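For reference, the structure discussed in these notes is given below.
Every value quoted in this text rests on a predicted model; they were computed, and no experiment measured them. Order of appearance sets the numbers: ligands from 1, and atoms from 1 within every ligand.
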Amino acid sequence: MHEPGLRHLAAADPTLAALVEGEAQRQHDKLRMIASENYVSTAVLEACGTVLNNKYSEGYPGKRYYEGQQFCDQIETLAIERARALFGTEHANVQTYSGSPANLAVYLAFMDPGDKFLSLELSQGGHLTHGSPVSATGKWFRPVHYTVGRESGRIDLDQVRDIARNERPKMIFCGGTAIPRTIDFPAFAAIAQEVGAILVADIAHIAGLIAGGAHPSPVGYADVITTTTHKTLRGPRGAMIMAKAEHAAAIDKAVFPGLQGGPHNHTTAGIAVALHEAAQPTFKAYAHQVIVNAKALAAALTGHGFDLVSGGTDNHLLLIDLTGKGVEGKPAAKALDAAGIELNFNTVPYDPRKPWSPSGIRLGTAALTTRGLTEQHMPQVAAWMAEAVGAVADTATLDRIAGEVRDLLKGFPMPGYTG
Ligand code: DSN
């Protein structure tokens, strides 16, 4: 059963309540390995489901356009202060609705239409909002891209420097959605400084690892840091922008009134709770275990003949080229889902196939680590994955694996679900 309970929802709208209960059960029974997902705590769920939903708060604490902010001001201030303390930043804006609006706000703060910026191309591990041609950021601004090495699968900082020197971008993005290796923030900062660009670190995927001291921090190197709050950071669906003090006014003005109206106070409260949780010693242990698990899984998958982009991982994320397995990413992802192992099909660098039917899969260990799985379980996870990918049309095998996954997960409680 879902926790907090859905008593009132079940009475008012049994159809919807049943769907939510179904999703809770699904999340409990599956090995959730979508690299950008996690399980939030029951405390975060409670904070997000409060009367804070009822309140408009356009503006910022102490300067609002609506009355009645006696508590919302304190809640937002708490979230800001916790973000600043956890990451050690001078400024934090906790109002952006999610990662894409957060990045858009950064463009609004620093760029004019047609201005040039440098980023990792989406198909190489970047993000839609880092200048993909289908994104407003690719239509309204002029992206130039760096890539990863064809053989190494890693960002080539000499190439980044060469492009930056030739193109003189106004902004440089580092970070993305499918980067299994440590981001060298000092090197990016040196390049940005040399060409007079604003350095933006999009740490959406690794924010929790940074907060837990398991990945180097961009603080002190990047001018601006954007992050979602719901991936390794294990908070609600939302985002934050952190920045050096000199950029605070530009960022705040871009978020409100530049792009958004009222902040979602219930989400702000959930973010405040998640930041408090992330400041505890147990979260440090969690962040390190995420990486231990990812490395153990990488080693075990390599043993099963999987081809990992860059040869492994430094963080929570694995990107796998399935070409050598003779299976495309999408049928593999669907077979794995049927086998109780949830991940996403994904392009790999230099993929000859298209994003809707790419050559690879992407997975991460943030959620299964929240459930309590350790490196001891990773050889079994890899064995299930190898068997499922080798049996994409064999429903009986996939069903059997799904049952084994369910059996294993019975021993690992899920926040938000009481069984
Ligand atoms: N869609 C997110 C991810 O899965 O990485 C990024 O926005």
Within residues 82-92 or reaching into it, pairs that qualify as side chain to side chain donor-acceptor pair (under 3.5 Å) - sequence neighbours excluded: Glu81-Arg84, His91-Asp252
Taking atom types as modelled, is there a side-chain donor on Glu23 or Gln27 under 3.5 Å from an acceptor on the other? yes
Ion pair present between Asp337 and Lys334, side-chain N to carboxylate O less than 4.0 angstrom? no
Which residues satisfy the ring-ring contact (aromatic ring centres under 6.0 Å, His included) test with Tyr60, sequence neighbours excluded? none
Show me the short polar-atom pairs for ligand 1: any N or O of it lying under 3.5 Å from a protein N or O, with distances only.
| from | atom 1 | to | atom 2 | distance (Å) |
| --- | --- | --- | --- | --- |
| ligand 1 | 4 (O) | Ser36 | OG | 2.7 |
| ligand 1 | 4 (O) | Arg362 | NH2 | 2.8 |
| ligand 1 | 5 (O) | His205 | NE2 | 2.7 |
| ligand 1 | 5 (O) | Arg362 | NH1 | 2.9 |
| ligand 1 | 7 (O) | His127 | NE2 | 2.8 |

Carboxylate-amine/guanidinium proximity below 4.0 Å for Glu328 and Arg353: yes
Name all pairs fulfilling the side chain to side chain donor-acceptor pair (under 3.5 Å) condition that reach into residues 198-212, sequence neighbours left out, sorted by first residue then second. Asn103-Asp202, His130-Asp202, His205-His316, His205-Arg362
